[in-house]
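One structure below.
Naming convention: chains lettered A, B, ... in sequence-line order (proteins, then strands); numbering from 1 in each chain.
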There are 2 protein chains.
Amino acid sequence: MTSPDQTLLDATTAARLFKALGDPIRVELVGLVRRTEGQEACFCDLADQFDMPQSSLSHHLKILVRAGVLSRERRGTWSWYRIDNAAIDTLAAVLAPGGPLRDASACCG
Amino acid sequence: MTSPDQTLLDATTAARLFKALGDPIRVELVGLVRRTEGQEACFCDLADQFDMPQSSLSHHLKILVRAGVLSRERRGTWSWYRIDNAAIDTLAAVLAPGGPLRDASACCG
DNA sequence: CACTTGGATTGACAAATGTCGATACAGGCG
DNA sequence: CGCCTGTATCGACATTTGTCAATCCAAGTG
């Protein structure tokens, strides 16, 4: 009748991360960072891959950082982005067989 | 400079699914269906778990169905929802170590 | 200090989203 | 057929989101 208590907290966390990835550009961004040496990429490298204004890209990156999917580090003139693996792990766990959203009798047995 | 070609399609698909899960209520909904016997639940059961108007719940379920996360089947008077495991698998694969968003040298070695 | 460059922030605006009450529709049942 | 019950859809509204141009700030260079 009332909204679920304990699980709602996890659902909120998961939803926040899912939401951050709920845009093709942001999925691409995370994928690009992941494919970069050391899972770290600077803004300038990312900007080369997208045909869009610099401000838009910065905006999407900010959303990913705010959600905890990426972290930003300013090194001299350039901004470097890297993946927060804990966040990805959280989502992977949610979707894994036996996790909150996936029955244990999944693909793998 | 131009937007990535091949991967963009996958990113769009993934983003569509992520977006559908980008709300705590919808995460809860999928979790509830998952925990139900046979991964199938009727609207009435789900409605008991949430303190919100029936129309809102129906709206969220529609979003999940439209995105392909759930499927709806009308059986007599009641609507039954079940998880589309292919969709969950798609996202799990995206987040898995070695997947598009996760470095291979992840948690598991 | 003046200038340039990388990148973040702001402002404006259209479009999408979440929420709710009201209404419509579909399937039993009298 | 008329009525109830379960669920979907509609209409209105406030909030959020994505996009772009413009501006601002920080760091390096002359």
Spacing between B:W78 atom CH2 and D:dT5 atom C1', to the nearest angstrom: 9 Å

Once you apply a heavy-atom cut-off of 4.0 Å, does A:R75 come out as touching a base, just sugar-phosphate, or nothing? nothing

For A:G22 and for B:C44, locate the closest nucleotide of DNA chain D by heavy-atom distance; then report the residue assigned to the nucleotide nearer the 5' terminus. B:C44

Within this structure, what is the OH-to-P distance between A:Y81 and C:dG6, rounded to whole angstrom? 15 Å

Nearest listed nucleotide, side chain of B:S56, among D:dC20, C:dC20, C:dA8: C:dC20

Could you state the CG-P distance from B:L57 to D:dG6, rounded to the nearest angstrom? 15 Å

If you measure from OG1 on A:T90 to CG on A:D10, what distance do you get to the nearest 0.5 Å? 9.5 Å

Is it the case that the base of D:dA8 and the side chain of B:S55 share a donor-acceptor contact (distance under 3.5 Å, atom types as modelled)? no

Within less than 4.0 Å of OP1 or OP2 of C:dA8, is there a side-chain N or O belonging to A:S79? yes

Exactly one of A:V69, A:V94, A:L64 clears side-chain contact (heavy atoms from CB on, under 4.5 Å) with A:L17, and that residue is A:V69

B:F43 CZ to C:dA26 P, straight-line distance once rounded to whole Å: 17 Å

Measure the distance from CD on B:E73 to P on D:dT7 and round it to the nearest whole Å. 14 Å

Return no unless some side-chain N or O of B:R74 is found under 4.0 Å from OP1 or OP2 of D:dA8. no

Expressed as a whole number of angstroms, how long is the span from B:K62:NZ to D:dG6:P? 22 Å

Does a side-chain N or O of B:T77 approach OP1 or OP2 of D:dT5 to a distance below 4.0 Å, or not? no

For B:K19 and D:dT16, what is the distance between atoms NZ and C1' respectively, to the nearest whole Å? 11 Å

Verify the contact: side-chain N or O of B:R26 to OP1 or OP2 of C:dG18, cut-off strictly under 4.0 Å; return yes or no. yes

Report the distance from atom CG of B:L61 to atom P of D:dG6, rounded to the nearest whole Å. 16 Å

Which of A:R34, A:R75, A:R72 passes salt bridge (Lys or Arg N to Asp or Glu O under 4.0 Å) with A:E40? It is A:R75

Do B:L57 and B:W80 land in one hydrophobic cluster if side-chain heavy atoms of ILVMFWY residues count as linked below 4.5 Å? no

Does B:H60 put a side-chain nitrogen or oxygen below 4.0 Å from OP1 or OP2 of C:dT19? yes

Can you check whether B:A67's main-chain N or O pairs, donor with acceptor, with B:R16's side chain at less than 3.5 Å? yes

Considering only D:dC20, C:dA8, D:dA8, which nucleotide approaches the side chain of A:P53 most closely? D:dC20

